[in-house]
Amino acid sequence: MTKFRVRFAPSPTGPLHIGGVRTALYNYLLARQQGGSFILRIEDTDQTRYVPGAEAYIVEALRWCGLELDEGPGIGGDYGPYRQSERKDLYQKYAQQLLDQGQAYYAFDSAADLDRLRAEYEARKAVFRYDNSTRMDLLNSLTLPTDEVKRRLEAGEPYTVRLKIPRDEEVSIQDRIRGTVTFKSNELDDKIILKADGLPTYHLANIVDDHFMEISHVIRGEEWLPSTAHHIYLYRFLNWESTMPQFAHLPLILKPKGKGKLSKRDGAKLGIPVFPLAWEGDRPEDSFAGFREFGFLPQAVNNFLAFLGWNPGTEQELFSMDQLSTDFSLERIGKSGARFDYPKARWFNQQYLIATPDVDLVALLRAHDTDGLTTDRSDAFLAAFAGLMKERVQVLPEFWEAGYYFFGPVRDYETKMIRKKWKPERRAAFDALRDRWAELEDFTAAGAEALVKAFMEEQGWGFGDVLPILRLGLSGTMKGPSVFAIGALLGREEVSQRLQLAYDYFDQYHREQASA
RNA sequence: GACCCCGUGGACGAAUGGGAUAAGUCACCGGCCUUUCAAGUCGGAGGUUGCGGGUUCGAGGCCCGUCGGGGUCGCCA
């Protein structure tokens with residue numbers, strides 16, 4: 001049995017789209033499950049679209065997601081080099097073999113010639129295709145006399161090499177997700193396999209690399225399904241068909257709302273992340289925040305992504321990477337497009353925040369602290385804060401939005417609650433309670449609770465008379481953790497000062513209301 | 001336009017070689033808990049499986065047609 005080897009083969013043309021991350025994840029999961037290898041191969045054969053920094057971004061994104069590579073650029077392995085730009089000679093050799101075998105031919109048509117043809121066809125509402133029905137009318141080694149071809153080649157005229165697709169055949173792809181998919185060869189165009197710059201196109205490079213890297217399974221996006229027929233021909237002509245990898249074409253990820261596949265524009269438009277990490281483009285509109293910056297945990301992103309096109313067939317939804325790698329299977333990947341459901345992603349993240357120990361949340365909080373709130377706070381304080389707030393937020397930045405009052409004064413009070421609950425004649429009693437709380441020997445949540453209960457009993461008041469006042473006084477809002485816990489974390493001095501300030505404000509507010 | 005893929009409640013999706021009242025999750029609504037909010041828990045509303053034929057004792061799973069969505073048709077991947 002051949003070893004299970006899969007590759008993730010992105011093109012370094014910009015930040016990795018979240019769909020690419022999912023493809024990488026699926027490859028990684030299967031590699032781990034099968035005890036195989038997960039390989040990164042950089043497909044940088046298009047020099048015009050090369051973006052500096054993109055490769056580093058890809059590596060960093062995979063690292064953040066915890067998708068550990070077994071082989072790749074900068075990592076090594078026995079099948080390198082892992083950048084296609086460093087394998088140029090290999091491709092030329094096999095293009096030449098196909099030429100020699102008569103299964104490929106030289107084409108001298110310029111890009112401008114072809115553009116013109118396409119425009120002409122389009123004007124007639126037709127689509128031009130360089131294929132077995134048109135190639136005999138074009139400028140190539142099939143139509144030109146042999147010595148003319150030779151002359152052009154020797155004169156160094158630019159040329160491309162095209163795959164000569166046979167006529168009147170049928171090619172079938174055995175797809176692990178879609179079953180048998182059949183194409184008629186007459187519907188296939190003569191794809192360019194070697195460009196005028198001497199570099200291969202995806203099709204050739206991909207087949208040669210997958211062959212020599214002994215890739216056993218090609219798991220990629222559905223957009224590759226139509227060209228897989230060409231790839232079959234390439235394997236066949238190169239006499240590699242018997243060791244050809246198995247194919248699995250993944251369903252696309254669809255927009256959160258409306259029609260079409262998820263695009264990077266959706267990110268900006270809807271204010272949601274569509275990249276794993278932030279990317280700095282040349283222009284502001286080319287720069288994006290990623291899932292990391294939006295405050296997602298990588299485990300949550302993986303779990304969410306795993307379910308975009310796959311499900312275990314059980315009711316379980318929360319999966320660690322270990323569980324995923326044992327339960328994941330090609331058979332359970334769906335065929336229809338998966339909608340990008342952002343609220344669901346947030347839900348996953350909340351589940352992971354709750355499951356993360358408070359002490360482990362501390363570093364994350366510090367990393368997401370853009371206002372310097374945590375600088376002079378101890379780890380213990382932040383851990384306690386995290387514990388109090390984590391089940392009330394879904395993404396990291398919401399810790400600050402919902403719990404800012406742990407780090408500074410209350411910014412505003414819910415006035416309708418003041419109106420409802422504050423009775424100026426009780427000021428003296430509340431002042432007394434404040435003093436007793438500040439002097440409390442057992443300054444804990446439990447201690448405060450005991451104290452307040454005793455106070456209520458003395459006054460003959462209920463919880464509703466006291467708790468809302470204290471809550472409002474300490475946090476300004478009716479939402480949040482237990483008042484006693486808030487007080488315990490804030491500390492004696494802060495509790496005393498805040499309540500003093502709040503009571504004054506409540507009194508003032510009451511007077512304004514009365515005179516208005 | 002041609003070819004290919006897909007089509008189950010608002011969203012994700014289970015029912016994986018046709019066989020019993022079409023799971024579950026997210027979102028929504030309500031109860032409980034907390035005299036807060038969330039979390040948790042219990043319950044509710046919401047699909048007859050795009051539509052029309054056909055095969056079958058029986059179809060969401062098969063066949064045909066149709067509509068809708070998507071992908072591809074580059075010297076991009």
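Numbered from 1 within each chain, the chains take letters A, B, ... in sequence-line order. Computed from a predicted structure; not experimentally measured.
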Handout entry: Phosphate OP1/OP2 of B/rA77 contacted by A/Thr45 side-chain N/O (<4.0 Å)
Key = yes
Practice task
Run the ring-centre check on A/Tyr505 versus A/Tyr413 and record whether the distance is less than 6.0 Å.
Solution key: yes
Problem - Nearest-nucleotide pick for A/Phe183, side chain only, options being B/rC3, B/rC75, B/rC73 - result: B/rC3
So which protein nitrogen or oxygen atoms get under 3.5 Å of nucleotides 66-72 of chain B's nitrogens or oxygens?
residue, atom, partner, partner atom, Å
B/rG69, OP1, A/Lys259, NZ, 3.3

Handout entry: Between B/rG43 and B/rC6 - C1' atom distance, rounded Å
Key = 36 Å
Handout entry: N-glycosidic conformation, B/rG10 - syn within 90 degrees of 0, else anti
Key = anti
Exercise for the section: With the side chain of A/Glu187 defined as its heavy atoms from C-beta on, choose the nearest nucleotide among B/rC26, B/rC3, B/rC75. Expected result: B/rC3
Practice task
Could you measure between the two P atoms, the one in B/rG60 and the one in B/rU8, and give it in whole Å?
Solution key: 15 Å
Practice task
Give a yes/no answer on whether the side chain of A/Gln351 brings an N or O atom under 4.0 Å of OP1 or OP2 in B/rG40.
Solution key: yes
Exercise for the section: Report yes if a side-chain nitrogen or oxygen of A/Arg129 is closer than 4.0 Å to either non-bridging phosphate oxygen (OP1 or OP2) of B/rG74; otherwise report no. Expected result: no
Problem - Helical stems, RNA chain B - three or more consecutive Watson-Crick or G-U wobble pairs below 3.5 Å - result: B:1-7 with B:67-73, B:10-12 with B:24-26, B:28-32 with B:40-44, B:50-54 with B:62-66
Exercise for the section: Just compare B/rC5, B/rC26, B/rA77 and give me whichever is closest to any side-chain atom of A/Trp347. Expected result: B/rC26
Exercise for the section: Taking only Lys NZ, Arg NE, NH1 and NH2, and the carboxylate oxygens of Asp or Glu, determine whether A/Arg124 and A/Glu122 approach each other closer than 4.0 Å. Expected result: no
Check nucleotides 13-21 of chain B against the protein and report each pair of N or O atoms closer than 3.5 Å, with its distance, or say if there are none.
residue, atom, partner, partner atom, Å
B/rG13, O3', A/Asn311, ND2, 2.6
B/rA14, OP1, A/Asn311, ND2, 2.7
B/rA14, O3', A/Arg332, NH2, 3.2
B/rA15, OP1, A/Arg332, NH1, 3.3
B/rA15, OP1, A/Arg332, NH2, 3.4

Practice task
Output yes when at least one side-chain N/O atom of A/Arg346 is less than 4.0 Å from OP1 or OP2 of B/rA38, else no.
Solution key: no
Exercise for the section: In whole angstrom, give the distance that lies between atom OH of A/Tyr106 and atom P of B/rC75. Expected result: 19 Å
